[in-house]
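Data first, discussion second: the structure below is written as structure tokens.
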Protein chains: 2
Amino acid sequence: MSGDAQISRLKPGRRTDIRRENERAILEAAEKVFAEAGFGGATMQLIADMAGLPKANLHYYFATKEDLYRRVVQQIFEIWLDAASSFDDAPGPVEGIGAYIDAKMDISRTHPHGSKVWASEVMHGAPVIQDYLETTLRDWTDGRIAVIQRWIDEGKMAPINPRHLLYMLWATTQHYADFGHQIQTLNDGRPLSDKEWRDAKASVKDMVLRGIGAI
Amino acid sequence: MSGDAQISRLKPGRRTDIRRENERAILEAAEKVFAEAGFGGATMQLIADMAGLPKANLHYYFATKEDLYRRVVQQIFEIWLDAASSFDDAPGPVEGIGAYIDAKMDISRTHPHGSKVWASEVMHGAPVIQDYLETTLRDWTDGRIAVIQRWIDEGKMAPINPRHLLYMLWATTQHYADFGHQIQTLNDGRPLSDKEWRDAKASVKDMVLRGIGAI
DNA sequence: CTTCACCTTGACCATACGGTCAGGAAATGA
DNA sequence: TCATTTCCTGACCGTATGGTCAAGGTGAAG
């Protein structure tokens, strides 16, 4: 068993490749369609077309529309959590929160669809990922609140409410993805350039770090 | 004609009352359903049930689902703009931006559904209110940027980028409506109490006003 | 070559949805 | 009272959607 597994990992075999590649293409298309149309507005047909597969093939890899949606949301949540590591091992708020803002702003730029799907899911009452909110997210939040409180106790920042600081960080960074269309419209219809993204990141970091008395 | 109009305004007449009351009930139900299910997930039947009317009656007052949706979004946008007046006639950022944060946080608490519908609309590319973004919102934004820039020039706040300050204000205040479910989950499943809302408002104002060097 | 597990897909189905309509009820004004 | 406008609604329709299925294709192993 384990020998076979190793061999198939080294020499993947076309079968495995097909499955992996098709699932990847479907998930990528699904993320985009769910983000642009919402769960209710998205259709399996549209996802199939975008993935370049017949609709029946989608149901071969993902039993139901809800299963596919669940996978998309979970995928995003994991990216989300990975970025959270920026927070850890930082000596103080300037480094920790600064790196976290950088990471989340980068995700907003590279994964705008995922951010929208997440936002939509939460706005509709988190019917699919409620358990994640109650376990993983709550634990993560509590841990980060403790870190921030420690920084406050050590006099490295002003005594603000750590919970509302986290909300502000989430809101502000994800805004650039979720409301990207509005931002683009107010930017004369053009997407933010590299320079404008750097300005955005710098502005957010400046306002937040100054706002918590870290600089 | 004008005489009749005046009379019917003073003594409304049952006809007018019926229309106004039914339209109000439909719009209220629609706002909630659109917020909870998105445009695609909402059904006219569900809105009708929630408004206590047969579905066919909805189509008597609103020709299509899209017409009804459009009215809901417009309604929200107007509430939005009214709050913006907090910004004007303020001697400086502490009063102006402070009042704006107060007003927007209050709206997030009293009109969470509307905020979600707006967010959903923008996230999906603003198919219905794109023209509002390009005209009314852009003009409003430009005006407010000018005001902020004046405050900066007068030395009343730090030289931050006014545009990104506005984005932060929108993001942070609306987060309490759009992500209210997540906030409630992280609050042990309970909605924010009066005191917790006061804390939230105070925290946001404190961080923002300190962040822009106004206090 | 044969076998077998895995993949592919056109055709099909039941359902639910937005929207229509005809005919009746109710209110208003003359 | 009668005529007219407005309002109400059950029944209906065409369409689009999520999902199914049976039949066939394809590559790897023996």
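Remember, predicted model here, so these are calculated numbers, not experimental data. A note on names: the letters A, B, ... follow the listed sequences, proteins ahead of strands, and every chain is numbered from 1.
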Original post:
Starting at CZ of B:Arg20 and ending at P of D:dC7, how long is that distance when rounded to a whole Å?
Top reply: 12 Å
Original post:
With sugar-phosphate meaning primed atoms plus P, OP1 and OP2, does A:Ala42 contact a base, only sugar-phosphate, or nothing at under 4.0 Å between heavy atoms?
Top reply: sugar-phosphate
Original post:
Which residue pairs pass the side-chain hydrogen bond (donor to acceptor under 3.5 Å, both in side chains) test with at least one member in residues 36-46 of chain A, sequence neighbours excluded?
Top reply: A:Gln45-A:Asp49
Original post:
Separation of A:Tyr69 atom OH from D:dG18 atom P, in whole Å?
Top reply: 14 Å
Find every protein N or O atom lying less than 3.5 Å from an N or O atom of nucleotides 10-15 of chain D, and list the pairs.
none

Original post:
Who are the salt bridge (charged side-chain N to carboxylate O under 4.0 Å, His left out) partners of A:Arg163, not counting sequence neighbours?
Top reply: none
**OP:** Could you tell me whether the side chains of A:His175 and B:Gln174 share a donor-acceptor contact shorter than 3.5 Å?
**Re:** no
Subject >> Within residues 58-67 of chain A, residues whose heavy atoms come under 4.0 Å of DNA chain D >> reply: A:His59, A:Thr64, A:Lys65
Original post:
With respect to the phosphate group of D:dT6, does any side-chain polar atom (N or O) of B:Arg19 fall under 4.0 Å of OP1 or OP2?
Top reply: no
Original post:
Cut-off 3.5 Å, side chains only: do A:Tyr167 and B:Gln182 have a donor facing an acceptor?
Top reply: no
**OP:** Determine the interplanar angle of the B:Phe39 and B:Tyr69 rings, folded into 0 to 90°, and report it as parallel if under 30°, tilted if 30 to 60°, perpendicular if over 60°.
**Re:** perpendicular
Subject >> Sequence-distant partners of B:Lys205, side chain to side chain donor-acceptor pair (under 3.5 Å), two or more places apart >> reply: B:Asp102
Subject >> Rounded distance [0.5 Å steps], CG in A:Leu166 versus OH in A:Tyr100 >> reply: 7.0 Å
Subject >> Basic-acidic side-chain contact under 4.0 Å: B:Asp67, B:Arg71 >> reply: no
Original post:
Hey, are A:His111 and A:Glu31 close enough side-chain-wise for a donor-acceptor pair under 3.5 Å?
Top reply: no
Subject >> Length of the CD1-P vector between B:Ile18 and C:dT28, whole Å >> reply: 7 Å
Subject >> Nucleic acid contacts - residues 21-29 of chain B versus DNA chain D, non-hydrogen atoms under 4.0 Å >> reply: B:Asn22
Original post:
Going through the distances and angles, do B:Glu28 and B:Arg24 end up as a salt bridge (Lys or Arg N to Asp or Glu O under 4.0 Å)?
Top reply: CA-CA 6 Å; B:Glu28 185 181 321; B:Arg24 191 203 57 75; 2.5 Å; yes
